[in-house]
Structures are given as C-alpha cells and as structure tokens.
Amino acid sequence: MDLLLIAVVVVGIFILRSYNLRLGKLESRVQELQNALTGRVLTVGTSESAIAAESIEMADSHTEVPAQPLAETVVEPAVVVDAMNDGGEAASIHETATPAFARDTASKNESLESKIGARWAVWVGGIALAFGGIFMIKYSIESGLLSPGVRLALAALFGLVLVAAGEVIRRRSEPVLANTFQNAMIPGVLTAAGVVALFGSTYAAHGIYGFIGPATAFFLLALISLATLGLSLLHGQALAGLGLLASMVTPALIASTAPRPWVLFGYLVLTWLATAVASRLRRWQIAPALANVFLSFWALLYILNSPEVELIPLTLAMLAMIAGTIFIWPGRYETVAAPGEDLPAPAELTDSEESPALPPVSHPVPFLAREPLGMTLTASIGASAVALSLLGYSLLNGYPLSNATLLFAAIVAAVAAFGASRLHAAWAAILSAVTAGLGMSMLLTSPMNAVDWGIAEISPALYDVVIYEGLGLGAVFVLIGAFFLKRFGESEKPFAALWSIIIAATPLAIAVISYITFGNWTRDWLHGFYGIGLALVLMALAEWQHRRSVEDSLALPTNILAAGSFAAAVFALHTLAHDAIPTILLPVLGVAYLMAGRVRSWLVLPWTMVAALIITMGRIGWQPTIVDPGELGTTPVFNMLLAGYGIPAALAVWSAFEVRRSPSLRLRNALQALASLLVLLTIAILVRHAMNGGVLNSNVPTLGEQSIYTLLAIGASATLMALDLSASSPVFRYGGMAVGVLSVVSILTLHLLGLNPFLTGESTGRIPFFNLLLLGYLLPALAYAGLALYARNRRPLPYVTMLAVAGAVMTFAWATLSVRRFWQGEYIPFWNGFIQGELYSYSVVWLAIGIALLWFGARFDARSLRIASAALVFVAVVKVFLIDMANLEGFLRALSFIGLGAVLIGIGLFYQKLLTAKKAPE
C-alpha cells in the first residue's frame, strides 16, 4: 500500500510538471488579453463599467492556444479595474464575468486525457499529500523520534504550508485554467488538505494528548472552520462544504461536563450565517442546503439526547435559519446556479434593491418545482420537524405546555411567512399548514391518550391557554395569507389558489380539532364566535380579491375563500346550536349564500346550497328523529319531524326553482335531485311516524306501511315525469324511472313475498272490501296502471311494459288473496289449507281477470296486457288440469272443465275477429 501511494505521488509530480509548462504559455496569452481589456472599459453615468470576458477552447493539449472572439458580459467596474491593476486577481475576473455557456462547452468537449491528467491527478495528488502527512506522523510515533508536542506542531505547520501553497498557486493561476478545471483546482485541493491537517492536529491536541482544554480547543476548531468557509469564497463550494462539515462536527468533538445550549446554538447559527453569506456571494445551492440539514439535525439531537432541554435557544436557531433563508440566501433572487456552479454576484446584495446583473425572471415552471428547491425543502422540513419534536418533548417531559405551544407556533408561523414571502417557497407554505394541523392534533388529543403515551395529567386551565394559542396560530395563517394575496394574488394565480386553501383550511382545522376535544357540545361561545369571525374575514378577503381580479367569477382564489367562509359558518352553527336547530338552519345558511350569488356571480355560491343540503341529509341520517326520541311526541304530522324534514325540503324545492335558469346544468340537476329526495323522505318519515303510533324504530314495516311507501314512490315517479315534461331535466327523467323501478322491486320482494299475509299470517282486517288487501294490492295495481298509461309514448317501451305488468301482477294478487279471504276469513295463512269451493273460485277469477286483461289490451292496443292475459289464462289451464282434476269432485270438477273450455273457445273467437279486422283494410 505504501509503495502504491509513493508511485502515485511520483507520477503526479511528473504530470504536474508537464502542465506547469503549459501554464507559462497560458500566462503570456492571458496577459495579452488583459491588456486588450484595458482599452474596453466603458463609462456608465458617473461611474466606470467594463465589459471583459474570455471564452477559449483548447484545440489540442500540446498546441498553442489560439485567440477566440470575446464574449461580452457586463461586470462591476471595481472588479475590472482591480483586475487590470493586479494580474494575480484573474480568478476573481473569471468568477464575476465569465459566461456560463463557455464552461458548459468546455466540459462537454473535454477529452479523456484532460480528465485523467488535469482532474484526477489533482485529486489523487491532494489525497496523497494527506496520506503522506498521516504516514509521517505514524512513522514518527512508531519510531519514537519526536515527542507528541513536536509531532502536533509539525502537523499544524504542514497544514499551514499547504494552505499557503494553495493561496500562492491560486494567485498565479489564470482565469482560463480556473474556468476549465474549476472542480479540480489545485489551490482548492491543497487548501482542503491543509485544513484537514490543521483540524486533525488541533483535535488531537485536545482529545488524545490533553495539551489544551475544551474552551481553547473549541475556539481553535471553530476558528479553523470559519476560516475555511472564508477561503471557500476563493476556492469554491467543495471547500465550503468541508468547512461547514468541520464547523458542525466541532461541538461533538469537544466533551463538556456542563453543556450550554445558548453557546452551542449561538455558534451553530453563526456558522450557518457564514455559510449563507458565502453562498449568496457565490450563488451556491448545495452548501446552504447542507447547512440547513446540519443545523436542524443538531436541534433534533439536542432534544432527543439532553436530560434537560432549553427550548428557547433552539427555537431562536430555527427562526434565525428561516429568517436567513428569507433575507440572505436565496432571498428574493430567483436566478440560481446549477449544483457546483458559481454565478456572477450582484452589485449590492440588499433585499430591497434589484441587482442589475440579476433582473427578475418569469417562471414558466410550476410553482411547486421552482428553484432553489433544495434549500427551500431542507429549511422548511428541518424547522417543521424541530417544531413537532419540541411539542413531543413538552408532552413527555412535563415542560410548560403553554410555553412549548407558543414556541411551536412561532416556528410554524416563520415557515408560513417564508412560504408567503418568496415565490420559490411553495413547499414551505404547504409544510407549515400540515405541521400546524399535526401539532395541534398532538396537543389537543393528548388528554385522550395520556395513559397510553405516559403523559402526566394536565390541568384544564393550562389547556385553555393552549386552545387560545392554537386559535391564534390559525389567525396568524389568515394574516400571512392575506399578505401573500396582496403581493402576488394577481401575478401568481396557482400559488394564490394554494394560499387561499391554506387560509381557509388551516384555521378551520385547528378550530374543529379544538372544539371536538374540549368544546362544549351544547353551546360553545369561544369556538362559535371564532367561526363567525373566520367566516366574515374570509368573505371579506374574497370580496377584496374579487375587486382586484380581472377574471371576475372565474378567479379560483375568490371562490376558494368564499367556500371557506361557508365552511366556517357551518362550523359556527354547530358550535352554537344543537339537536334540530342546525338541521333546520343549515339550508337557511345555504339559501343566504345562494342569494349572495345575485350580488356576486361567483361560481361557488350556488353550490354552497348543495353542500348545505348534503350536510343536512347527513345530520338526518345521524339522528333521524331530529330531536331526542323522548321529545318527539306522538302527534301525527304536526311534530318536529315536519320541521326537521319539511323546512329543508321546502327550501330545497325553492332553491331548485331559483336556479332553473342557471347556465350550469350540473347545479340544476343536483338541486332538483336533492329537492325530490328530501320531499319523498319527508312524506315517508311522516307516514312511518303515524303508522307506528308516534314511535320511530328499526322494526320491519308492516304491509300497510310498506304499501304507503309504494304508493308514494309511484306518485313521485309520476310527479318527476310531469316535471320533466314541463321543464326537461335528466334528473327528473332518469330519477322518475329509477323510482318506478325501485317500487316494482319492492312489490316483488315485500308485497308478494316478505309481507304477504298468506305467508306471514297478518290480519287483513274485518271489513270485507276496505281492508289491508285493498291498500296493499289493489291500490298499487291501479296506480301502476295509471302510471303506465301516463308514461305511454313518453318513456321507453320496456319501462312502460314493466309498469303494466306490475299492475297486472298486483291485480292478480289482490283477486287471489281476496278469494282466499272470502273463504277463510280475516286470517289467510297457508297453513290453514284449502277447500274445494276455494279452489274452483280461483279458476273462475283467474279466467275472468284474463278476459278483462285481454279486453283492455285490445281496447288500448296494449300488447303487454294481451301477453299478461295469455300468461294468466295459461296458469289457469295448468291449474285446472293439475290441481282441479286431482282435488275437485263431482259437479265442481265438471263445471271447472266446462268453464275453461268455454273461455278458451271464446278467446279463440276473439282473436279470430281481431286478426280479421286487422287484415280487412289490406
């Protein structure tokens, strides 16, 4: 291994010697170019400005560099003048004036020989120097030639020599060389190796040999790290990363019996600020992102591993990181360098003045993907993670919760302010809202999980303070969002829509969590007034945004804010009222927003009525009795059900009428459907209440109650069809047919099977005709017949046929069960058996019904009725030949067959005449 390293060093020396010869040629050529630049300084106003840049491509590594056309780039006059007076500052000219395309072209055309000889040799040489120093120290230790103090002094001297050598070579290097090999510059490699030697020797003096104390070691290591960051301005971002790493590792290397968090985080923030300033001067992205990660990691490490945590220092550190990200780097500048690349620095790095070198640029990319994404995410995620950890520590370790909540709110508000003040910080806005919701969930749900989480019981008075702080954080989000809308509401529509969602959702989510956990579910004035205030503020913001917008009703932020106002009003209504009042007033609130649509044609306002009706139906499903069942009463119709169901239904009908001329077909259909459903639901619930003696329960309805539902469904189908014929609507059209189909399904499953008195043994009533069979079978049969007649030529033929057949089936069932009741009495269960007169009566009645259906089919030219007649006659034939022949005797058997034969002959004669009449015109 040692021989290999020696060989690498020797080869590297020969390679570097060959390149020193080339440097001489480049120096002479660059000197000529610098002389030429002296005559091209321009005067702008009263100050001098210069244009000077150079883009040189090497055709061959062993040929003389040919002259190339100059690429003119405006640079600062002071920099150009200094460059003309001092050839050693050529690298500074490059860093502030060289166009980026020249670097891209050179890197794309670089040969394999250039990569091996000019890049890899430099890095391997730097590593070899570091190993050489390490092996020399190792050899001196093993041989006992030098004392520890001498060895450390020599190592430190070796590091200083390398740093000095790097600076000397940097001053003598040329801009073309720095431009082409900026990622493998010899000065930077030598400086990095020297920094490692200095850092290592200082730490060894403290941690291994104990020559210096913790304070001295900390000071020296911090000084080396910060000096490295300063040198990175001359040697590039790689050295900045090394200095940053050394700075962040320094506190971990120095053991302390009494850690002082104020000193720790003060030093870390100072290091972070130095990195941020250097990054702004050189337009770096990687180094500041790493600084964000390291600072956040230190805060998390401190929270998780310290027995006693002071939260204020780390909170201030997070606030300093966010503030530096807002104002120092990336600040308000949107143009950033690619990773590992330097961009020209502006003339004055102030937040209040635009740089002439960096004019504002447009953003064709989505706002969630804008650069500098890495710095935005690391700062936002780091601060959010620390804020949540801070709350977790407070809950688990008994830190004053009100203080922790205040610090948490400060960090979250700072992240939100970052998201609102910079156009590249959309993710910061999203993370702030998510963190606020998660944090308040942790705080407000912790009492429910105190035993499982090991949390000590917290006094209610303390949680009152937490609730105020949480609601205050929601108000802060509204203020920050309003600030964003004022600055960027018109120029950044998608981003403004995002902030509108955050403004509406975040404070409302915090309030809902607080109310569910600690609110008074009967009447909560605090949360109620908070909801009312939020609703008014959001509506005012919507109005303000509407007046500033040029898109009128199509402006997405305006509609989002109006929707948020409605949601806040719904929340306030639920906190201030209970039982039937919210159910009744929700549609009233929807009507108020619907009427506001007459003043402002915002798309969302009419839809709030749809939302109000849906929420009302949800409340009805949650509490069908509207009030407590014991308070409902037994009075039919005139009870709280009429108000709880009837008022929303009436307002829904009025709303559907109000929007009948709306250009939105979906809105009209939605309100029409909800109105129809609520009307049917109102009638059905009132019927059930009356039929069950004023009691609403989950018992299976009787045949009488189900018959009323069936009649209501048939009537609703006819009503919807009439509405569709007067004002065409797909809701009325398909809704009416859907109700008709459902009613047919109900008669097949309930009237004929589940609730049939023949199967259940239910009493049919004492009165011969006006009994349960009339309500359960004959009236539905007549209703289906009438609906089929009304739907004829207005609805599809299969639907009309279904209705006609359903009427025929119900008529057949009524006649059959009526015959059985005639012979059996009030109760007609199947287990009572049959008598001969009853069996014969079935044949007579079925044939009579078949003849009647045949006549109606011919009279109204209804083929479906004729088919039903044929089916019924066929059933009668089968019954006569199979049942009557076996069970009837004597005269009744003969009469059954004679009657059947006469009817069949009559039917044949009828069809002969009918067919002859149809053929006669031909």
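Numbering starts at 1 and runs along the sequence shown.
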Say you draw a straight line from [atom1] of [X] to [atom2] of [Y]; how long is it, rounded to the nearest 0.5 Å?
X: L561; Y: M539; atom1: CG; atom2: CE; answer: 9.0 Å
X: L755; Y: S707; atom1: CG; atom2: OG; answer: 8.0 Å
X: I685; Y: L680; atom1: CD1; atom2: CG; answer: 13.0 Å
X: L538; Y: I560; atom1: CG; atom2: CD1; answer: 11.5 Å
X: Q623; Y: D628; atom1: CD; atom2: CG; answer: 7.0 Å
X: L723; Y: S676; atom1: CG; atom2: OG; answer: 7.0 Å

Partners of Y645 by ring-ring contact (aromatic ring centres under 6.0 Å, His included), sequence neighbours excluded?
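With sequence neighbours excluded, Y645 shows a ring-ring contact (aromatic ring centres under 6.0 Å, His included) to no residue whatsoever.
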
Quick one, [X] and [Y] - any side-chain contact, counting heavy atoms below 4.5 Å?
X: L632; Y: H689; result: yes
X: V588; Y: L585; result: yes
X: W654; Y: M609; result: no
X: P636; Y: L686; result: no
X: L787; Y: Y799; result: yes
X: M802; Y: M737; result: no
X: L677; Y: M617; result: yes
X: T710; Y: Y784; result: yes

Starting from the C-alpha separation in whole Å, work towards a yes-or-no answer on side chain to side chain donor-acceptor pair (under 3.5 Å) for R523 and T575.
CA-CA 6 Å; R523 183 173 290 106; T575 58; over 6 Å; no

Are side-chain N/O atoms of [X] and [Y] paired as donor and acceptor at under 3.5 Å?
X: T816; Y: W846; answer: yes
X: S565; Y: Y593; answer: yes
X: Y777; Y: T811; answer: no
X: R668; Y: S729; answer: no
X: W602; Y: T558; answer: no
X: S746; Y: H751; answer: no

Show the nearest heavy-atom pair for residues [X] and [Y], with the distance to one decimal.
X: L508; Y: A568; value: CD1-CA, 4.0 Å
X: I626; Y: A580; value: CG2-CB, 3.3 Å
X: L665; Y: P730; value: CD1-CD, 4.5 Å
X: G519; Y: D524; value: CA-OD2, 3.0 Å
X: L586; Y: A612; value: O-CB, 3.5 Å
X: A643; Y: I584; value: O-CG1, 3.9 Å

Using a strict cut-off of less than 4.0 Å between a Lys/Arg side-chain nitrogen and an Asp/Glu carboxylate oxygen, indicate whether R619 and D579 qualify as a salt bridge.
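The answer is no: the pair does not qualify as a salt bridge.
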
Do any N or O atoms from the side chain of [X] and from the backbone of [Y] form a donor-acceptor pair under 3.5 angstrom?
X: Q824; Y: G833; value: yes
X: S717; Y: G736; value: yes
X: S664; Y: L667; value: yes
X: R660; Y: A656; value: no
X: H578; Y: H574; value: no
X: N771; Y: L774; value: yes
X: R821; Y: G765; value: yes
X: N639; Y: G633; value: no
X: T517; Y: S514; value: no
X: T764; Y: E826; value: yes

Side chain to side chain contact (heavy atoms under 4.5 Å, CB included) between L671 and L613: does it pass, once the steps are laid out?
CA-CA 9 Å; L671 285 176; L613 293 176; 3.9 Å; yes

Are more than 12 heavy atoms from other residues, nucleotides or ligands located less than 6.0 Å from atom CH2 of W831?
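Atom CH2 in W831 is crowded, with more than 12 foreign heavy atoms closer than 6.0 Å.
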
Does a sphere of radius 6.0 Å around OH in Y734 hold more than 12 heavy atoms from other residues, nucleotides or ligands, not counting ones at 6.0 Å or beyond?
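No, not enclosed.
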
Side chain to side chain contact (heavy atoms under 4.5 Å, CB included) between W521 and Y515: does it pass, once the steps are laid out?
CA-CA 8 Å; W521 285 32; Y515 173 71; 4.1 Å; yes

Salt bridge (Lys or Arg N to Asp or Glu O under 4.0 Å) partners of residues 833-846, not counting sequence neighbours, each pair once
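Residue pairs passing salt bridge (Lys or Arg N to Asp or Glu O under 4.0 Å), neighbours aside: R820-E838.
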
Go through the steps to decide whether E631 and M640 satisfy the test side chain to side chain contact (heavy atoms under 4.5 Å, CB included), and finish with yes or no.
CA-CA 9 Å; E631 302 175 358; M640 283 305 299; over 6 Å; no

Given the rule in the side chain to side chain contact (heavy atoms under 4.5 Å, CB included) test, do L573 and V570 qualify, once you have shown the distances and angles that lead to the verdict?
CA-CA 5 Å; L573 178 61; V570 171; 5.6 Å; no

